[in-house]
Novice: 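A single structure is presented below for examination.
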Amino acid sequence: MTSYEPQTIEQQCQDRWRQNNTFAVPNPGDPGFDATRPKFYVLDMFPYPSGVGLHVGHPLGYIATDIVARYKRMTGYNVLHPMGFDAFGLPAEQYAVEHGVHPRETTEKNIANMVRQLKRLGLSYDWDRRIATTDVAYYKWTQWIFLQLYNSYFNEGEQRAEPISELVKRLESGELDVAYDGRIVDVGASGAMDALGGPPIGARKWHELKPDEQDAVLAEYRLAYLAEVPVNWCPALGTVLANEEVTNEGRSERGNHPVFKRPLKQWMLRITSYAERLAGDLDLVDWPEAIRKMQRDWIGRSEGALVDFEVANADAERSEASGPIRVFTTRPDTLFGATYMVLAPEHPMVDELTTEAQRAAVAEYRKQAESKTDIDRQAETKTKTGVPTGAFAINPVNGQQIPIWIADYVLMGYGTGAIMAVPGHDERDHAFAKAFDLPIVQVIKGGDKPIEDEAYTGPGVNINSSNDDVILDGLPTPDAKRKITQWLNAKGLGKAQVQYKLRDWLFSRQRYWGEPFPILHGPDGEIRAVDEAELPVELPPMDDFSPTSSDDPNAPPAPPLSRAPGSWKNVVIDGVTYTRELNTMPQWAGSCWYYLRFADPRNQHRFAGGEAESYWMEPTGVDLYVGGAEHAVLHLLYARFWHKVLFDLGHVTTPEPFGRLFNQGYIQAYAYQDARGIYVDALKIEEKDGQFFYEGQPVTRNLGKMGKSLKNAVSPDDMCEQYGADTLRLYEMYMGPLDQSKPWNTRDIVGVHRFLQRVWRNFFDDEGKLLITDDAPDDATARLLHKTIKRVTDDMERMSFNTAIAALIELNNALVSLKQLPRAVAEPFVLMLAPLAPHVCEHLWQQLGHEGSVAFVDWPNYDESMLVEDSIQMVVQVLGKVRGRITVPADADNDAIEAAALGDDKVAANLEGKTVRKVIVVPGKLVNIVAN
RNA sequence: GCGGGCGUGGCGGAAUUGGUAGACGCGCCGGAUUUAGGUUCCGGUGGGGUAAAACCCGUGGAGGUUCGAGUCCUCUCGCCCGCACCA
């Protein structure tokens, strides 16, 4: 080879890696396992195998983790670096519906293509560990984890999950009883569990309950449960969606179809039980602060109090039925300022509260509120609407009768769905009070404007806040909160409460291409979990996979599995015929635990062997997890939740799954629109004098995400073809910091390609003869080498690959002038470049006379003494402006440096006519002379 | 509206802790090699100014702290991301 031919080298190299299985990493106990090395688990967020394949934006993170993996191998780690596919999901199903091809076929074809593309980039995955969430051997364990959730409950006292059998034991022993409303109560601490509710009335022993009653009680505690809840129903997709899958505009994130609220019986996961720990344990992980904050906000913890308001009996017969109205407030200290109450339109007490006179108005308002989409509600954020129910409540602190309204600015889904309105100290209540002319009372001192003009929402000192029993006047806000909460508690009127925005996770989807639930429904509605030994529950073969989509928001959901053959749908156990659950799990399910399966992907007896799991995961979980920020709350929160359940049940050894998270930026690309605003193929754009043309017509340019829709995708296959994978890898890393978004520019790629060509020419002459000498390098070259080793090592450690490459380019440029390349420089150079451009380095390493792969050779060290210069150049400033440069011995003392600085001709000229006031010497850097 | 991030040459970016702003690359300009194009090699390249220097200006804008500010503080403008009636 007389010139650099990346295609030849890369093909040979990848063949050899495959034949030698170079990057397969053994588990503890496997042959070849080296227990003396520390471990490093570096993971990419695994992709959905889409039919269109990769564009150059996708592998940005994969290249980065590959460099880390290779660097870590060279610095002595056992590296787990796997790849898999999140392969359930809608596109394959939709393709199947349209083309009549089974989704498994499409999925496997797409995976094969993506694996090919990834291999071509020279990514050093242990392909033996490849998994897909759609593998039956994989989703068997997804179903198994679901059973763990189903068979567990959250022990509030211990703040951890336990097998539900433990709860049953305690019920059977009589330690716990069942209250009239199905709550489980502690007999010993009777009444203390809920100060508001008082002592449980009509509590029963466990054995007094009939089996179906027992099941119903347990269902209220299981971490996976069926519930009739208002869900996001998307008729166009024919499925329900999680809150997280619905946009602010009230449409589906996938496909942008309208979504309606509708009560349906669905599987839910009790993620809210873990709210406290999911929020608190964010302190344990090394994640970008922005992501941790997003999760905290999503969980939305807030401290406050529950307060009960009695209903005044304006209407005698109604008040009999009405219990108190319970509200949640974060400002119990403003209770004296509550001048009205508001219930959400959907609040269950609205009907019983509404007076005859208001019945029609209330009904009309509720109808409107119901038909409003979230968009409408949002558009009207500024203007408040509502109607009075006609009923009144009694403010418990001052006995005042206050009107009860319904308004859609109060949401049923948060807190109790009812609020006490304090217009003096809450902006929303203030706006509402102004709109409907309700009284505004100031109870906290503060604010720049009169309370009638603007609510004062900050802290302050209470006024107008005393009764015969409790005095808040003069107390600062935190004290007032504490005092009133104690008082409410003592009176049985309220109690301190922590509230979360987080809702339970809606876990059913009406789709075919997802994990079937390991659940059976009995003839009397009883639920029966499939026995662990019977797993997996495989998807039945079917010809028609379509969900029943509709334009009608009231169309009933009909999951595709309802058309499955009876032989699959019906299961007979002990003479009883059960029907399988016909919903499937959402796409998030499979990605909740794949990082665990990678530790031991072929294990048939456990989701992952205990030893393998603890070896790769301890002590802080995945050591480096790289992916896009778009998964900040969904995937990362769900996975943490599952992980914590598995941790509580003793199946995994770490409290958190991902110790360190890194979000890579996006690769943006220029997109071009013609005069009609239609996007045109970015590859066919011509540039003339700063103007852009498509087929001769001028077009406008702007920056967007790379992809099909903007017609600006660049294929990694094309880049590999033209420049080789090493060049593509270098370019993607050289573009800028990994965590920043930056624009792709195919024009710029030649820079790093030239670099590799120049590397080649430094190693070989025109005839392809190696230009290596065993002579020692000259002093300057040796010093530069060691400086470069330090720079590159530091940059590798902090994943600053763009500057690492710059350092290597500088070193390489310096080597161009040498006639022969000293081996002592060539070898460390190849080693440093190897993680970044592995193919060409494997080749050069061989040419240097080495047998094995460069991948496991020790990373070069630098000699500290080679970094110290004998003499250094220092800058001399006069009044902060650079006026001269001096060269002084590295060990010169400050006096000597000062003397040299003052002696410099140019400096002296600048100081002429001035008096030196002060001289600041920064050793090794500069001298600043203050003079006037 | 609230919260977070970012603004540096024609372009991507560098400056890890307050200490020579613009490393490295693209592009551009000039030269060499080449039949030509491409490749390759050498030199130049923030703006103004000069024959060349000197010198002046310069990190979105305006102030401030400091011997010294891209970096710290205050205000302000622009862009990006997240949340959005969460009581």
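Each chain gets a letter, A, B and so on, in the order the sequences are listed, and its residues count up from 1.
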Novice: Taking only the C1' atom of each, what is the distance from B:C41 to B:A51 in whole angstrom?
Specialist: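 Between the two C1' atoms, the distance is 30 Å.
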Novice: Base, sugar-phosphate alone, or nothing: which one does A:Arg301 contact when heavy atoms must sit under 4.0 Å apart?
Specialist: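 Nothing, no heavy atom under 4.0 Å.
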Novice: Starting the side chain at C-beta, find the nucleotide from B:C41, B:G82, B:A87 nearest to A:Met294.
Specialist: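 Of the candidates, B:G82 comes closest.
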Novice: Say you draw a straight line from CD1 of A:Ile406 to CD of A:Glu346; how long is it, rounded to the nearest 0.5 Å?
Specialist: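 So the CD1 of A:Ile406 and the CD of A:Glu346 are separated by 9.0 Å.
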Novice: To the closest 0.5 Å, what do you measure between OG1 (A:Thr803) and CZ (A:Arg791)?
Specialist: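 Output value for this atom pair is 7.5 Å.
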Novice: Should A:Arg747 be listed as having a side-chain N or O under 4.0 Å from OP1 or OP2 of B:G25?
Specialist: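 So the side-chain polar atoms of A:Arg747 never come under 4.0 Å of the phosphate oxygens OP1 or OP2 of B:G25.
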Novice: Side chain of A:Lys918 only, please: which of B:C26, B:A87, B:C67 is the nearest?
Specialist: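 Per side-chain heavy atoms of A:Lys918, the pick is B:C67.
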Novice: Name the residue closer to the 5' end of RNA chain B, choosing between A:Tyr734 and A:Asn745 according to the nucleotide with the nearest heavy atom.
Specialist: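 The answer here is A:Asn745.
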Novice: Using heavy-atom distances to pick each residue's nearest nucleotide on RNA chain B, tell me which of A:Asn910 and A:Ala807 is more 5'.
Specialist: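 Nearest-nucleotide comparison on RNA chain B picks A:Ala807.
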Novice: Round to the nearest Å and state the distance from A:Glu810 atom CD to B:A23 atom P.
Specialist: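 The answer, rounded to whole Å, is 10 Å.
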Novice: Does A:Phe763 reach the side chain of A:Val840, with side-chain heavy atoms less than 4.5 Å apart?
Specialist: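 When only atoms from C-beta onward are counted, A:Val840 and A:Phe763 do not touch, as no gap falls below 4.5 Å.
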Novice: For A:Leu808 and B:A23, give me the distance from atom CG to atom P, rounded to whole Å.
Specialist: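 Those two atoms, CG and P, are 18 Å apart.
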Novice: Once you round it to whole Å, what is the distance between P of B:C83 and CG of A:Leu411?
Specialist: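 The distance from CG of A:Leu411 to P of B:C83 comes to 16 Å, rounded to the nearest Å.
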Novice: So which nucleotide from B:C26, B:C57, B:A87 ends up closest to the side chain of A:Val750?
Specialist: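 Nearest to the side chain of A:Val750 among the choices is B:C26.
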Novice: Is the ring pair A:Phe829/A:Phe755 parallel, tilted or perpendicular, if the boundaries are 30 and 60 degrees?
Specialist: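 Perpendicular, since the angle between the ring planes exceeds 60°.
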Novice: Considering every strand and a 4.0 Å limit on heavy-atom distances, what is the contact class for A:Arg885: base, sugar-phosphate, or nothing?
Specialist: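 Answer is base: heavy atoms of A:Arg885 come under 4.0 Å of a base.
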Novice: Which stems, defined as runs of 3 or more consecutive Watson-Crick or G-U wobble pairs with both pairing distances under 3.5 Å, involve RNA chain B?
Specialist: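 Paired runs of 3+ in RNA chain B: B:1-7 with B:77-83, B:10-12 with B:24-26, B:27-32 with B:40-45, B:46-48 with B:55-57, B:60-64 with B:72-76.
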Novice: Between atom CD1 in A:Ile299 and atom C1' in B:G82, what is the gap in whole Å?
Specialist: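 Answer to the nearest Å: 15 Å.
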Novice: Between atom CG in A:Asn802 and atom C1' in B:C26, what is the gap in whole Å?
Specialist: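 Going from CG in A:Asn802 over to C1' in B:C26 covers 15 Å.
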Novice: With rounding to the closest Å, how many angstrom separate the C1' atoms on B:G63 and B:G10?
Specialist: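 B:G63 and B:G10 have their C1' atoms separated by 31 Å.
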Novice: Answer yes or no: does a side-chain N or O of A:Arg292 lie under 4.0 Å from OP1 or OP2 of B:G4?
Specialist: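 No, because none of the side-chain N or O atoms of A:Arg292 sits under 4.0 Å from OP1 or OP2 of B:G4.
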Novice: Ignoring the backbone of A:Ala290, work out which of B:C26, B:G13, B:G4 is nearest its side chain.
Specialist: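 Of the candidates, B:G4 comes closest.
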Novice: Work out how far the P atom of B:U39 is from that of B:U45, and round it to whole angstrom.
Specialist: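 The answer is 22 Å between these two P atoms.
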Novice: Reckon A:Ile809 touches a base, only the sugar-phosphate, or nothing at all at heavy-atom distances under 4.0 Å?
Specialist: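 Sugar-phosphate, backbone atoms only, no base.
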Novice: Between B:G70 and B:G22, how far apart are the two C1' atoms, rounded to whole Å?
Specialist: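 One C1' to the other, the span is 11 Å.
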Novice: On the six-membered ring of A:Tyr670, is A:Arg701 placed so that its NZ or CZ lies under 6.0 angstrom from the centre and within 45° of the ring axis?
Specialist: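 A:Arg701 over A:Tyr670 ring: yes.
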Novice: Look at the side chain of A:Asp795 and decide which nucleotide, out of B:C67, B:A87, B:U16, has an atom nearest to it.
Specialist: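 Taking heavy atoms from C-beta onward, the closest nucleotide is B:U16.
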Novice: If I pick the P atom on B:A84 and the same atom on B:U16, what distance separates them, to the nearest angstrom?
Specialist: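 Nearest-Å result for B:U16 against B:A84 at atom P: 38 Å.
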Novice: Just jot down the salt bridge (Lys or Arg N to Asp or Glu O under 4.0 Å) partners of A:Glu869, sequence neighbours excluded, or say none.
Specialist: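 A:Glu869 satisfies salt bridge (Lys or Arg N to Asp or Glu O under 4.0 Å) with no residue once adjacent residues are dropped.
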Novice: Is there a donor and acceptor pair closer than 3.5 Å between the side chain of A:Asn928 and the base of B:C67?
Specialist: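 Such a pair is found, so the answer is yes.
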Novice: For B:G12, measure the glycosidic angle (O4'-C1'-N9-C4 for a purine, O4'-C1'-N1-C2 for a pyrimidine) and name it syn if it falls within 90° of 0, otherwise anti.
Specialist: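 In terms of base orientation relative to the sugar, B:G12 is anti.
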Novice: From the list B:G3, B:A21, B:A87, which nucleotide is the closest neighbour of the side chain of A:Val882?
Specialist: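 Nearest nucleotide to the side chain: B:A21.
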Novice: Quick check on B:C26: is either OP1 or OP2 less than 4.0 Å from any side-chain nitrogen or oxygen of A:Arg754?
Specialist: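 It does, given that an N or O in the side chain of A:Arg754 lies less than 4.0 Å from OP1 or OP2 of B:C26.
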Novice: Check whether any side-chain N or O of A:Ser302 sits under 4.0 Å from OP1 or OP2 of B:A87, and answer yes or no.
Specialist: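 Checking B:A87 against A:Ser302, a side-chain N or O does come within under 4.0 Å of OP1 or OP2.
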Novice: When all nucleic acid strands are considered with a 4.0 Å heavy-atom cut-off, which category describes A:Gln757: base, sugar-phosphate, or nothing?
Specialist: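 Contact class for A:Gln757: sugar-phosphate only.
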Novice: Can you tell me how far P in B:G3 sits from the matching atom in B:U8, rounded to whole Å?
Specialist: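 Each nucleotide's P atom is 25 Å from the other's.
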Novice: Going by the angle between their ring planes, with limits at 30° and 60°, are A:Trp405 and A:Phe432 parallel, tilted or perpendicular?
Specialist: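 It falls in the perpendicular class, over 60°.
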Novice: Rounded to whole angstroms, how far apart are OH on A:Tyr731 and P on B:C26?
Specialist: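 After rounding, the gap between these two atoms is 12 Å.
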Novice: Could you please name the option among B:C55, B:G4, B:G25 that lies closest to any side-chain atom of A:Asn813?
Specialist: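 That would be B:G25.
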Novice: Flag the pair A:Val919 / A:Glu898 as yes when at least one side-chain heavy-atom distance between them is below 4.5 Å, and no otherwise.
Specialist: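 Yes; the side chains approach each other to less than 4.5 Å.
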Novice: Can you say whether the rings of A:His631 and A:His635 are parallel (under 30°), tilted (30 to 60°) or perpendicular (over 60°)?
Specialist: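 Judged by the thresholds at 30° and 60°, the geometry between A:His631 and A:His635 is perpendicular.
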Novice: Hey, does A:Arg798 reach any base, or is it just sugar-phosphate, or nothing, if we go heavy atoms under 4.0 Å?
Specialist: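 Base contact.
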Novice: Which is true for A:Val922 with a 4.0 Å heavy-atom rule: it touches a base, it touches only sugar-phosphate, or it touches nothing?
Specialist: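 Base contact.
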Novice: Rounded to the nearest angstrom, tell me the gap between atom CD1 in A:Ile291 and atom C1' in B:C83.
Specialist: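 A:Ile291 atom CD1 is separated from B:C83 atom C1' by 13 Å.
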Novice: Could you give the CD-to-P distance, from A:Gln295 to B:G4, as a whole number of Å?
Specialist: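 Between P of B:G4 and CD of A:Gln295: 18 Å.
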Novice: Rounding to the closest angstrom, what is the interatomic distance between B:C11 and B:G48 at atom P?
Specialist: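 Between the two P atoms, the distance is 15 Å.
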Novice: Between B:U76 and B:C24, how far apart are the P atoms? Round to whole Å, please.
Specialist: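 Comparing P positions in B:C24 and B:U76 gives a spacing of 40 Å.
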Novice: Taking side chain as C-beta onward, heavy atoms only, is A:Ile929 less than 4.5 Å from A:Val876?
Specialist: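 The answer is yes, as the side chains (C-beta and beyond) meet within the 4.5 Å cut-off.
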Novice: Side chain of A:Ile920, heavy atoms from C-beta onward: which of B:C26, B:A14, B:C67 has the nearest atom to it?
Specialist: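 Given the options B:C26, B:A14, B:C67, the side chain of A:Ile920 is closest to B:C67.
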Novice: I need the A:Gln740 CD to A:Tyr666 OH distance, nearest 0.5 Å.
Specialist: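 Spacing of CD (A:Gln740) from OH (A:Tyr666) equals 14.5 Å.
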Novice: Which part of the nucleic acid does A:Lys742 contact within heavy-atom distance under 4.0 Å: base, sugar-phosphate only, or nothing?
Specialist: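 Answer is sugar-phosphate: A:Lys742 comes under 4.0 Å of backbone atoms only.
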Novice: For B:G3 and A:Arg296 - does any side-chain N or O of the residue sit under 4.0 Å from the phosphate oxygens OP1/OP2?
Specialist: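 For A:Arg296, the contact criterion (side-chain N or O under 4.0 Å from OP1 or OP2 of B:G3) is not met.
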